[in-house]
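What follows is a single structure, written as structure tokens, with notes after it.
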Amino acid sequence: MTYKEQIDPARVPSHIAIIMDGNGRWAKKQGSVRLVGHKFGVGSVRRVTEAAQIAGVKFLTLYAFSTENWNRPAAEVSGLMSLLGSTIESEIAELIKNNVRVKILGDGRLPESLRKKLMAAEDKTKDNTGLTLVLALSYSGRWEIAETARRIADEAAKGGLNPEKVDEELFASYMPGSFMPDPELLIRTSGEYRISNFLLWQTAYSEFYFTETLWPDFQAEDLYKAIVDYQHRERRFGMTSEQIQTK
Ligand code: IPE
Ligand code: IPE
Ligand code: MG
């Protein structure tokens with residue numbers, strides 16, 4: 001049986017977040033430069049976006065560029081920025097056709113021409129009701145939390161908010177990523193076992209799934225396999241197994 005056939009449609013995670021890792025190592029294995037790995041990584045993005053829609057996932061968040069990635073060699077950074085720009089332009093028609101809503105999550109520190117292309121993609125797809133594809137770009141979890149604190153402090157300083165009212169729910173509502181639910185499942189490829197400053201607040205109770213597969217090799221079946229694995233987990237949220245089973 002394929003992994004796709006093993007998925008229980010009633011328990012598909014509504015939000016899957018992916019740390020797409022291993023492009024550089026994939027390229028090196030082929031004797032190519034790192035950027036070739038990023039180019040093939042785009043193929044995986046296409047496959048996984050389509051697979052997520054087929055599985056009935058509502059939100060797919062892809063970590064495409066972290067705030068720390070700005071420290072990479074300038075040539076790789078500029079190569080990635082142009083790849084992102086050309087990809088969003090070449091994919092937009094397909095995304096519209098598939099009723100996908102594009103959202104960008106990040107500190108906005110991007111080249112002006114790329115920012116314009118991304119804003120156009122968000123705008124053209126804003127009323128779409130299918131999958132929400134969130135691209136985390138120049139994103140970091142600590143940036144998002146600090147930005148939220150800044151927004152709340154700003155509101156309080158203006159007299160619009162009583163600091164005593166600040167609790168987890170209110171905090172979450174001020175977050176740049178407040179439009180999406182917390183991911184039930186977080187996937188990281190390439191055999192690295194860390195969060196690398198991704199969705200720090202939102203992954204408090206996410207199930208983590210790690211695979212040795214390098215991102216450019218990641219197939220639809222790899223996504224389905226992660227979903228099946230997730231469906232075999234028992235999510236206890238601090239309770240006992242017995243409490244969960246009698247619920
Ligand atoms: C992930 O692949 C893509 C980005 C971080 C942009 P890497 O470029 O990190 O690939 P490795 O980890 O060096 O193999
Ligand atoms: C995390 O991957 C960021 C993205 C996938 C965009 P990295 O490859 O940059 O992470 P570290 O530096 O190895 O932790
Ligand atoms: Mg990496």
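Whatever order the structure lists them in is the order used to number ligands and atoms, beginning at 1. Hydrogens, waters and symmetry mates are skipped; everything else that's a heavy atom, side chains included, is used.
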Let me check something: do Val102 and Phe59 share a hydrophobic cluster, defined by ILVMFWY side-chain heavy atoms less than 4.5 Å apart, either directly or through other members?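 No; tracing contacts between hydrophobic side chains, which count when under 4.5 Å, never links both residues.
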Close approach of [X] to ligand 2, heavy atoms, under 4.0 angstrom:
X: Glu68; result: no
X: Arg25; result: no
X: Met20; result: yes

Measuring from non-hydrogen atoms of Ser190 to any atom of ligand 1, is the shortest distance under 4.0 Å?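 Heavy atoms of Ser190 never come under 4.0 Å of ligand 1.
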Min heavy-atom dist Arg34 to ligand 1 below 4.0 Å: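 For ligand 1, residue contact (heavy atoms, under 4.0 Å) with Arg34 is present.
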[atom]: nearest protein contact (heavy atom, Å):
atom: atom 5 (C) of ligand 1; value: Arg72 NH2, 3.4 Å
atom: atom 2 (O) of ligand 1; value: Asn23 N, 3.2 Å
atom: atom 10 (O) of ligand 1; value: Gly24 N, 2.9 Å
atom: atom 9 (O) of ligand 2; value: Asn69 ND2, 2.9 Å

Give the atoms of ligand 2, by number and element, whose distance to some non-hydrogen atom of [X] is under 4.0 Å.
X: Arg194; answer: 11 (P), 13 (O), 14 (O)
X: Phe65; answer: 6 (C)
X: Asp21; answer: 8 (O)

N/O separation below 3.5 Å, Ala64 to ligand 1: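 No, there is no polar N/O contact under 3.5 Å.
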Using a plain distance cutoff, I'd like to know if Trp26 has any nitrogen or oxygen under 3.5 Å from a nitrogen or oxygen of ligand 1.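 No: no nitrogen or oxygen of Trp26 is under 3.5 Å from one in ligand 1.
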How is the N/O/S atom of Asp21 that comes nearest to the Mg ion (ligand 3) named?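 Atom name of the closest N, O or S in Asp21: OD1.
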Check the angle between the aromatic planes of Phe198 and Tyr63 and answer parallel, tilted or perpendicular using the 30° and 60° thresholds.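 The rings of Phe198 and Tyr63 lie parallel, inter-plane angle below 30°.
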Is the ring pair Trp143/Tyr139 parallel, tilted or perpendicular, if the boundaries are 30 and 60 degrees?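 Perpendicular.
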Do [X] and [Y] get their side chains close enough for a donor-acceptor pair, meaning under 3.5 Å?
X: Gln202; Y: His15; result: no
X: Gln245; Y: Glu234; result: yes
X: Ser44; Y: Arg47; result: yes
X: Arg188; Y: Ser196; result: yes
X: Thr2; Y: Glu5; result: yes

Contact check: Ser196 vs ligand 2, nitrogen or oxygen atoms, below 3.5 angstrom: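 Yes - when backbone and side-chain N and O of Ser196 are compared with those of ligand 2, one distance drops under 3.5 Å.
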Test salt bridge (Lys or Arg N to Asp or Glu O under 4.0 Å) on Asp222 and Lys225 and set out the steps. CA-CA 5 Å; Asp222 294 304; Lys225 185 179 183 190; over 6 Å; no
Check the surroundings of atom CZ in Phe40: do more than 12 heavy atoms from other residues, nucleotides or ligands lie under 6.0 Å from it?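 Open: at most 12 neighbouring heavy atoms sit under 6.0 Å from CZ of Phe40.
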Protein heavy-atom contact under 4.0 Å for atom 12 (O) of ligand 2?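 There is no protein heavy atom less than 4.0 Å from atom 12 (O) of ligand 2.
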Do Ser206 and Leu185 make a side-chain contact, defined as non-hydrogen atoms from C-beta onward lying under 4.5 Å apart?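 A side-chain contact is absent here, since even the closest heavy-atom pair is not under 4.5 Å.
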